[in-house]
Amino acid sequence: MLHHVELNVSNLKESRSFYSELLPPLGYALFQEWDQGFSYKSGSTYIVFVQTEEKFLQIPYHRKRTGLNHLAFHAASRSQVDEMTEKMRQWGARVLYEDLHPFAGGPDYYAVFLEGPDRLKIEITAPGEKG
């Protein structure tokens, strides 16, 4: 089982705002807070967000480079995927593959793909979907 994931973010305030909307409905609770970061936990697994040091901000993140491509989360139902899609649209998040939504992963794959802070791709997948 995965213990935790730590992500460096370019704007801690923006990331805090985004993930505070995204993660609680998906079963995550605020776990830790400090001046340069915060984390959310579900069960024994947690996600840590840390402000990138100034000297490393000049090279922006891009999911197509070597490294992390995206984070995928379980939804409780197709209805929750729809609810989260609308909630994140209202927040201002960009829905990726809009023309194929909610079947951008294929005709039997119900999910939403979003672009979060630092252009990190976020996926929220309905139960029973096989990726």
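Note that OG of S20 is 7.0 Å distant from CG of L30, once rounded to the nearest 0.5 Å. To the nearest 0.5 angstrom, H3 atom NE2 is 7.0 Å from S44 atom OG. Distance check, rounded to the nearest 0.5 Å: CD1 of I47 to CG of L71 gives 6.0 Å. Here the CD1 atom belonging to I124 is positioned 4.0 Å from the CE atom belonging to M84, to the nearest 0.5 angstrom.
Nearest heavy atoms, A126 versus R78: CB-CG, 3.7 Å. Nearest approach of A111 to V81, heavy atoms of both residues: C-CG1, 3.9 Å. Annotation for P127 and A75: closest pair CD-O, 3.4 Å, computed over non-hydrogen atoms. Closest heavy-atom contact between E6 and V50: OE2-CG2, 3.5 Å. Contact record, L68 with Y61: O-OH, 2.7 Å, taken as the closest heavy-atom pair.
By the ring-ring contact (aromatic ring centres under 6.0 Å, His included) test, H4 pairs with Y46, sequence neighbours left out. Not counting sequence neighbours, the partners of K87 by the salt bridge (Lys or Arg N to Asp or Glu O under 4.0 Å) test are E21.
Within the 4.5 Å cutoff, side-chain heavy atoms of V95 are placed close to those of R89. Looking at heavy atoms from C-beta onward, I122 lies out of side-chain contact with H70 at the 4.5 angstrom threshold.
Remark: the backbone N or O of V9 is paired with a side-chain donor or acceptor of T52 at under 3.5 angstrom. Between the side chain of T85 and the main chain of V112, no donor-acceptor pair closer than 3.5 Å is present. Checked by atom type and distance alone, the side chain of Q51 pairs as donor or acceptor with a backbone atom of S10 at under 3.5 Å. Remark: the backbone N or O of P25 is paired with a side-chain donor or acceptor of Q80 at under 3.5 angstrom. Judged by distance alone, with hydrogens and angles left aside, the side-chain atoms of R119 form no donor-acceptor pair with the main-chain N or O of H62 at under 3.5 Å.
Aromatic ring centres of Y97 and F113: separated by under 6.0 Å.
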**Study point:** side chain to side chain contact (heavy atoms under 4.5 Å, CB included) between E123 and Y109, intermediate numbers included
**Key:** CA-CA 11 Å; E123 176 182 345; Y109 194 81; 2.3 Å; yes
**Study point:** Pair L7-V48, side chain to side chain contact (heavy atoms under 4.5 Å, CB included): steps then yes or no
**Key:** CA-CA 6 Å; L7 301 171; V48 182; over 6 Å; no
Practice item. Let me see the working for R94 and L114 under side chain to side chain contact (heavy atoms under 4.5 Å, CB included), right down to the final yes or no. Key: CA-CA 6 Å; R94 183 172 154 235; L114 306 163; over 6 Å; no
Practice item. Evaluate the criterion side chain to side chain contact (heavy atoms under 4.5 Å, CB included) for residue pair L22 and M88; output intermediate values, then yes/no. Key: CA-CA 7 Å; L22 178 80; M88 297 315 295; 4.2 Å; yes
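Around the CG atom of L2, the shell of radius 6.0 Å holds more than 12 heavy atoms that belong to other residues, nucleotides or ligands.
Under the 30°/60° scheme for interplanar angles, the aromatic rings of F73 and Y28 are found to stand perpendicular.
When hydrophobic clusters are built by joining Ile, Leu, Val, Met, Phe, Trp and Tyr residues whose side-chain heavy atoms come closer than 4.5 Å, directly or via intermediates, F38 is not grouped with F31.
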Hey, can you pull the donor-acceptor pairs under 3.5 Å for the side chains in residues 12-19, sequence neighbours left out?
{"from": "S15", "atom 1": "OG", "to": "N11", "atom 2": "O", "distance (Å)": "3.3"}
{"from": "R16", "atom 1": "NH1", "to": "E33", "atom 2": "OE1", "distance (Å)": "3.2"}
{"from": "R16", "atom 1": "NH2", "to": "E33", "atom 2": "OE1", "distance (Å)": "2.8"}
{"from": "S17", "atom 1": "OG", "to": "W91", "atom 2": "NE1", "distance (Å)": "3.4"}

